[in-house]
Amino acid sequence: ASLDKGLAALDSWAAYAPLANGLFCCHFDPLIGLEHPKDNLQDGCNLGGAATYFFEAHELAARCGVERPGYQTLAFGICDFFVKHQFEDGNLGRAWHNDGTCAATDGTTGCFLVPPLLTAFQLSGQDEYLTAAKRAFAFYMAGLIKHGFTAAGALDTHCIDKESAIPLLRSALMLYRLTGEAEYLQHAEHAAYYLASWQWQHTVHYAPGTALAELAYDTFGGTSVSTQHHHIDPYALSFLDAWLQLADLTGNPVWKQRAQAVWSNGMLGVSDGQLRVMGKLRPVGSQDEGFYHTRWGNPFNVSQWLVAWPTAFRLEVLRS
């Protein structure tokens, strides 16, 4: 039943989301008639995610005895578009119109396309994918080194943030494994230190009566979102495995310690089906997206937004 549900969801995206030029419609509402924008922009973050995970979905489906060649075809289509449309300086752009023209080039969001470009090279052996990936990585890594920050990866805001550095870390590790060049491992650690700058390294105690006190929430190990969204979330679960890889490759135990702290923090507030928060009973397995550890937003309480990604990220950690 789980396999059927997964394939049904992926099949729907594969059937309706690809555009003729290789781009991919990142928002499903327009595809089923719930939205009718004149031009639905496609962003580098979701395009990179689509290519990355449809490559993986093709492999996983085959391991389940199900052939889905269309999954791989659409992932290659996205990669082919960016090989063809990459800018001279290596930038892959932040957002694109459906007709294939670039709407915005700022930020680090385009770096999310580097990992699937490297996967495309591994699967095809075609050097054009590796060349594009190297050029893009060099462009985005130079931005972090020059400015000291990355930006625009958290798509509900447009500012300096944490998420936009995740593909830099992943790309550097992939390039190091592909090339063996020590410089890429140094770049991986540089990106990792930037990500670590968003991690809480101390515990804050909250007053009785607040949701964080009721949950016995520990800020230690959690990571904040961005300069605009001042709350902690468990999003570091998404690169926990990369920190573990870095610990193995560098022999530096700090990355394993940080990863363990991420996991401990990411397990807080997961409902067993009996958890009641701010007067509301929570379904089993659910967890807040946002923990308001300051006076910003909903002071010392939680967002009450029980989205799917924290659970998905925990499952990905366990799977890997």
Side-chain angles (χ1 to χ4, degrees), residues 6-58 68 70-87 91-120 132-133 136 140 150-159 161-168 170-171 225-226 229 235 238 289 305 307-310 312-313 316:
L7 289 172
L10 291 166
D11 287 347
S12 293
W13 282 99
Y16 298 109
L19 302 176
N21 56 16
L23 288 175
F24 185 91
C25 187
C26 300
H27 304 275
F28 206 67
D29 283 356
L31 303 179
I32 57 177
L34 296 181
E35 266 182 33
H36 298 281
K38 292 181 180 179
D39 184 26
N40 186 235
L41 290 178
Q42 315 310 331
D43 63 271
C45 178
N46 281 312
L47 288 167
T52 295
Y53 293 108
F54 268 105
F55 273 136
E56 187 169 6
H58 173 260
R68 286 293 193 274
Y71 293 179
Q72 191 176 84
T73 299
L74 76 84
F76 270 115
I78 295 170
C79 292
D80 289 342
F81 176 89
F82 284 97
V83 167
K84 183 178 179 181
H85 292 85
Q86 186 173 31
F87 295 99
N91 192 352
L92 294 172
R94 176 167 62 85
W96 294 79
H97 295 284
N98 287 347
D99 66 3
T101 57
C102 189
T105 59
D106 56 332
T108 321
T109 314
C111 193
F112 282 95
L113 290 148
V114 175
L117 284 168
L118 292 171
T119 300
Y140 293 114
T150 63
L155 296 176
D156 53 352
T157 185
H158 186 264
C159 63
D161 66 12
K162 169 188 68 196
E163 293 170 34
S164 54
I166 298 172
L168 272 175
R170 291 200 173 281
S171 301
V225 181
S226 67
H229 286 182
Y235 208 97
S238 68
E289 181 194 56
W305 201 24
V307 290
W309 64 256
F313 287 168
E316 282 293 279

Side-chain heavy-atom pair Ser238, Ile166 within 4.5 angstrom cut-off: yes
Using modelled atom types only, decide if a donor and an acceptor are shared between the side chain of Gln42 and the backbone of Trp96 within a distance under 3.5 Å. no
For Val83 and Ala132, work out which heavy atoms get closest and say how close. CG2-CB, 4.1 Å
Atom of Gly44, atom of Phe112 and distance for their closest heavy-atom approach: O-CB, 3.6 Å
Sequence neighbours left out, what passes side chain to side chain contact (heavy atoms under 4.5 Å, CB included) with Thr105? Give chain and number order. Phe87, Asn91, Cys102
With sequence neighbours excluded, tell me which residues meet side chain to side chain contact (heavy atoms under 4.5 Å, CB included) with Ala312. none
Tyr71: which residues meet the ring pair (Phe, Tyr, Trp, His ring centres under 6.0 Å) condition with it, sequence neighbours left out? Phe54
With sequence neighbours left out, what residues match Ala136 under side chain to side chain contact (heavy atoms under 4.5 Å, CB included)? Gln86, Leu92, Val114, Tyr140
Return the set of residues passing ring pair (Phe, Tyr, Trp, His ring centres under 6.0 Å) with His229 (not counting sequence neighbours), or none when no residue passes. Trp296
Give the minimum heavy-atom separation between Gly153 and Thr109, together with the two atoms involved. N-OG1, 4.0 Å
Any side-chain heavy-atom pair of His158 and Asp106 under 4.5 Å: yes
With Thr108, which residues qualify under side chain to side chain donor-acceptor pair (under 3.5 Å), at least two apart? none
My understanding is that only residues two or more places apart in sequence, or in another chain, count here; which of them pass side chain to side chain donor-acceptor pair (under 3.5 Å) with Ser171? none
Any side-chain heavy atom of Thr119 within less than 4.5 Å of one from Thr52? no
Determine the interplanar angle of the Trp309 and Phe313 rings, folded into 0 to 90°, and report it as parallel if under 30°, tilted if 30 to 60°, perpendicular if over 60°. tilted
Between Cys25 and Asn40, the two heavy atoms sitting closest are SG-OD1, 3.4 Å
Closest heavy-atom contact between Arg68 and His58? O-CD2, 3.1 Å
Show every salt bridge (Lys or Arg N to Asp or Glu O under 4.0 Å) that has at least one partner inside residues 12-21, sequence neighbours left out. none
Within the 4.5 Å heavy-atom criterion, are Val225 and Glu163 side-chain neighbours or not? yes
Test item: Asp43 and His27 side chains (from C-beta on) under 4.5 Å apart, heavy atoms: yes
For Ala120, all residues meeting side chain to side chain contact (heavy atoms under 4.5 Å, CB included), sequence neighbours excluded: Phe55, Phe76, Cys79, Tyr129
Going by atom type alone, with no hydrogens or angles, which donor-acceptor pairs under 3.5 Å involve a side-chain atom of residues 13-21 and a protein atom two or more places apart or on another chain?
| unit_1 | atom_1 | unit_2 | atom_2 | d |
| --- | --- | --- | --- | --- |
| Asn21 | OD1 | Leu23 | N | 3.0 |
| Asn21 | ND2 | Asn98 | O | 2.9 |

Approximate separation, where rounding is to 0.5 Å, of Leu118 CG and Leu113 CG: 11.0 Å
Closest approach of Ala103 and His97, non-hydrogen atoms and distance? CB-NE2, 3.5 Å
